Amino acid sequence: MSMEFDYVIVGAGTAGCALANRLTENGKHQVLLLEAGKHDLYHWIHIPVGYLYCIDNPRTDWRFRTQAQPKLNGRSLIYPRGKVLGGCSSINGMLYLRGQAADYDQWAELGNDGWRWQDVLPYFKKSEDYHAGADEFHGQGGPWRVDKQRLRWDVLEDFQAGCVEQGIPASNDFNRGDNFGVGYFEVNQRKGWRWNTAKAFLRPAKNRPNLTVLTQAQALMLSFDGQRVSGVEIVHKGQRKTVSARAETILTSGAIGSPALLQHSGIGPAAHLQSLGIEVKHDAPDVGHNLQDHLQIRCAYKLKNAKTLNTMANSLIGQMMIGLEYVLKRTGPMSMAPSQLGAFAYSNDSVDRPDLEYHVQPLSLEAFGQPLHEFPAMTASVCHLRPESRGTVLIQSANPMDAPAIDPNYLATEGDRQVAANAIRLTRRLMGSAAMQKYSPIEFKPGDEFQSDEELAIAAGQIASTIFHPVGTARMGSDDRSVVDPTLKVRGVQGLRVVDASVMPLITSGNTNSPTLMIAEKAADLILSGR
């Protein structure tokens, strides 16, 4: 294998797979795509409910954990990141959400020209193969399939009716720039199977002679020729090698992997790197800072006279029926995303656009990965879409094989704690709607003994968990402290870009996978046009 290419892409996740496809389409460029994990030929990746068996599984996940979180009762949370072709698109919740138009307009107002909603909408549409066809907001015929979910639950229909009672309008499309409303999420699936970026973007490109894909190839650090990044040092199946990039090296390792690789390569906060004995190539104090994430508060209610997954899945006959339905029809619980019904709402009258997102599920459990409760129940998880709290991703040793310290710093501000209290109160109003009274709902998480703002903020910290949307750790901007400029080139060095969720200056108001794909589509155009 030649060890020199035009472009070396580090990370075959959502952005990396898309870039590998787009940069090899014209046949002019030799491209190497590196992936630390293995191929995606693993059955649990492709069966939608298989996310339960992919998260925290060394076959598919880096198995990171957060630092202990003071406002979460000292808990350390699992922090899944895909370690497999397709990256997080192979293990995530499959929800297709872009966020709000104002998110991207705000990016531009922060100094990122070319990133307004009207600038990025064409890239969302370029990727998309939308189930209802093309229109002003949607594309058809692209590689990224967007389907309706293949199941319905009476209890979710009634929750939706309860939202409408409380002034949240019904919606069948959260992706037109204003996502205020309630309805079933649309998903990245095709005919009941997960549709990851390895299927969507790598498979069509895999036989191109100008694309090389290496799995089980972990990047250790960038290599330099003066202040120009010339390639990457890797370990491939136990052997250390250096691969060279004639044009550019492109980091697509995500909001955890990309800042860690920059720091190990000497690009980051100088004092921190020097304390670890790492030679500083460029003092970039914001590398690994500005971490933002969505923390979900898992409010749960016992129900009466309700059909939920708890009762279906807790008997052998129920499990057999669930399996048979999927085998015969590709429908039912095995086809479902982790969250089926969504709602976007306002935490108070002072916000100008929805700042809460609900992920509603006809099930309950103590914590992710634990068994379902044996009684009928549902969970109305709610997250603050635009948190004030900021965290860090900082390496802890000079050994690139060691995991970085991930500190999301959840609920660190009074504003975030107030939104958490308001979110629980709104959930109680929704569950108390007339449409839900047939189920006689009883709150058991967090419990109605929590009433004041302070009590509810504490309760939120006891039951909240991440929904795995880290962004912002290699922030894009036009100021000197920004890590990358609006063309995603890393400041202070040449020949290097970052193209993943780490470049988001502010988190989007919704799930982050498809916005990351949009970033890759736009980056491909920037690169191919010589910008």
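These numbers come from a predicted model, not from an experiment. Computed from heavy atoms alone, side chains included, the values below leave out hydrogens, waters and symmetry copies.
- The pair Asp525-Lys126 meets the salt-bridge criterion, with a side-chain N (NZ, NE, NH1 or NH2) lying under 4.0 Å from an Asp/Glu carboxylate O.
- Residues Gln30 and Asn210 have side chains that never bring a donor and an acceptor to within less than 3.5 angstrom of each other.
- For the atom pair Thr512 OG1 and Gln292 CD, the distance stands at 11.0 Å (nearest 0.5 Å).
- The residues Lys125 and Glu128 are annotated as not salt-bridged, no charged nitrogen and carboxylate oxygen being separated by less than 4.0 angstrom.
- For the residue pair Glu4 and Ser244, no side-chain donor N or O sits within less than 3.5 Å of a side-chain acceptor on the partner.
- Note that CD of Gln462 and CZ of Arg298 are 15.5 Å apart. Values are rounded to the nearest 0.5 Å.
- Taking the charged nitrogens against the carboxylate oxygens, Arg386 and Asp416 have no contact shorter than 4.0 Å, which rules out a salt bridge.
- Taking a cutoff of 4.0 Å between a charged side-chain nitrogen and a carboxylate oxygen, Lys445 and Glu366 qualify as a salt bridge.
- Just one residue in the list Gln494, Lys489, Arg497 forms a side chain to side chain donor-acceptor pair (under 3.5 Å) with Glu248, and that residue is Arg497.
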- Message: What verdict does the side-chain hydrogen bond (donor to acceptor under 3.5 Å, both in side chains) test give for Asn57 and Tyr42, after you've listed the backbone C-alpha separation in whole Å, the side-chain angles of each residue and the deciding distance to 0.1 Å?
- Response: CA-CA 12 Å; Asn57 178 346; Tyr42 178 58; 3.1 Å; yes
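- Distance check: Gln67 CD to Asp407 CG gives 6.0 Å after rounding to the nearest 0.5 Å.
- Summarising the geometry, atom OG1 belonging to Thr60 is positioned 13.0 Å from atom OH belonging to Tyr53; distances are rounded to the nearest 0.5 Å.
- Contact between Ala523 and Val499 at its shortest, heavy atoms only, is CB-CG1, 3.5 Å.
- Taking each heavy atom of His264 and Ile278 in turn, the nearest pair found is O-CG2, 4.0 Å.
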Quiz: residues 78-90 side-chain donor-acceptor pairs under 3.5 angstrom, not counting sequence neighbours:
from	atom 1	to	atom 2	distance (Å)
Tyr79	OH	Asp293	OD2	3.0
Arg81	NH2	Phe468	O	2.9
Ser89	OG	Gly86	O	2.6
Ser89	OG	Thr197	N	3.0
Ser89	OG	Thr197	OG1	3.1
Ser90	OG	Leu85	O	2.8
Ser90	OG	Asn196	ND2	2.9

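- Between Ala520 and Ala18 the shortest heavy-atom distance is CB-CB, 4.0 Å.
- A donor-acceptor pair under 3.5 Å is absent between the side-chain atoms of Ser223 and the main chain of Ser230, judged by distance alone.
- Two residues are said to be in side-chain contact when any heavy atoms from C-beta on lie closer than 4.5 Å; Leu34 and Ile234 meet this criterion.
- The two atoms that bring Ala20 and Thr24 nearest to each other are O-OG1, 2.7 Å, heavy atoms only.
- Between the CD atom of Glu521 and the CZ atom of Arg22 there is a distance of 4.0 Å, given to the nearest 0.5 Å.
- In terms of heavy atoms, Phe201 sits closest to Asn21 at O-ND2, 2.8 Å.
- The main-chain N or O of Leu526 is found under 3.5 Å from a side-chain atom of Ser529 such that the two form a donor-acceptor pair.
- Residues Asp103 and Thr508 bring no donor and acceptor atom of their side chains to less than 3.5 Å of each other.
- Side-chain contact between Leu77 and Leu72 is present, with heavy atoms from C-beta onward closer than 4.5 Å.
- A parallel orientation is assigned to the rings of Phe64 and Trp62, their planes being inclined by less than 30° (bins at 30° and 60°).
- Because its NZ or CZ atom is not both nearer than 6.0 Å to the ring centre of Phe5 and within 45° of the ring axis, Arg246 does not count as a cation-pi partner of that residue.
- Taking the six-membered ring where tryptophan is involved, the planes of His29 and Tyr7 are perpendicular, since the angle between them exceeds 60° and thus also 30°.
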- Task: Begin with the C-alpha distance, continue with both residues' side-chain angles, and end with the deciding distance and a verdict on side chain to side chain contact (heavy atoms under 4.5 Å, CB included) for Thr466 and Thr66.
- Result: CA-CA 10 Å; Thr466 172; Thr66 70; 5.7 Å; no
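- If you check the side chains of Asn513 and Thr14, you find a donor sitting under 3.5 Å from an acceptor.
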- Task: Begin from the C-alpha positions of Arg65 and Ser76 and carry the test side-chain hydrogen bond (donor to acceptor under 3.5 Å, both in side chains) through to its verdict.
- Result: CA-CA 6 Å; Arg65 295 195 70 93; Ser76 168; 3.3 Å; yes
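- The main-chain N or O of Ile467 is found under 3.5 Å from a side-chain atom of His469 such that the two form a donor-acceptor pair.
- Two residues are said to be in side-chain contact when any heavy atoms from C-beta on lie closer than 4.5 Å; Pro408 and Ile406 meet this criterion.
- For the pair Thr212/Val31, no side-chain contact is recorded, criterion being any heavy-atom separation below 4.5 Å from C-beta on.
- Side-chain contact between Val503 and Ile519 is present, with heavy atoms from C-beta onward closer than 4.5 Å.
- At a cut-off of 3.5 Å, with distance as the only test, no side-chain donor of Ser389 or Asn409 sits close to an acceptor on the other residue.
- If you check the side chains of Arg98 and Asn175, you find no donor sitting under 3.5 Å from an acceptor.
- Remark: the backbone N or O of Ala15 is not paired with any side-chain donor or acceptor of Thr516 at under 3.5 angstrom.
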- Query: Can Leu517 and Tyr123 be said to form a side chain to side chain contact (heavy atoms under 4.5 Å, CB included), step by step?
  - Reply: CA-CA 9 Å; Leu517 179 57; Tyr123 292 106; over 6 Å; no
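- In this structure, the side chains of Ser482 and Asp479 come closer than 4.5 Å at one or more pairs of heavy atoms.
- Scanning both residues, Lys199 and Arg194, for their nearest heavy atoms gives NZ-O, 2.5 Å.
- Here the CH2 atom belonging to Trp195 is positioned 9.5 Å from the CH2 atom belonging to Trp144, to the nearest 0.5 angstrom.
- Inspection of the His359 and Glu357 side chains reveals an N or O donor paired with an N or O acceptor under 3.5 Å.
- Taking 4.0 Å as the cut-off between side-chain N and carboxylate O, Glu233 and Arg240 count as a salt-bridged pair.
- A donor atom on one side chain and an acceptor atom on the other are not found under 3.5 Å apart for Arg75 and Gln69.
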- Full working for side-chain hydrogen bond (donor to acceptor under 3.5 Å, both in side chains) between Ser502 and Asp500: CA-CA 5 Å; Ser502 68; Asp500 54 38; 2.4 Å; yes
- Give the intermediate values and the outcome of side chain to side chain contact (heavy atoms under 4.5 Å, CB included) for residues Leu356 and Phe344. CA-CA 6 Å; Leu356 298 178; Phe344 292 85; over 6 Å; no
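- The backbone N or O of Gly142 sits nowhere less than 3.5 Å from a side-chain atom of Arg145 that would complete a donor-acceptor pair.
- The side-chain heavy atoms of Leu251 and Leu222, taken from C-beta on, include a pair separated by under 4.5 Å.
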- Would Glu25 and Leu528 satisfy side chain to side chain contact (heavy atoms under 4.5 Å, CB included), going step by step from the backbone distance to the final call? CA-CA 11 Å; Glu25 279 181 314; Leu528 292 172; 5.8 Å; no
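- Residues Asp485 and Thr487 bring a donor and an acceptor atom of their side chains to less than 3.5 Å of each other.
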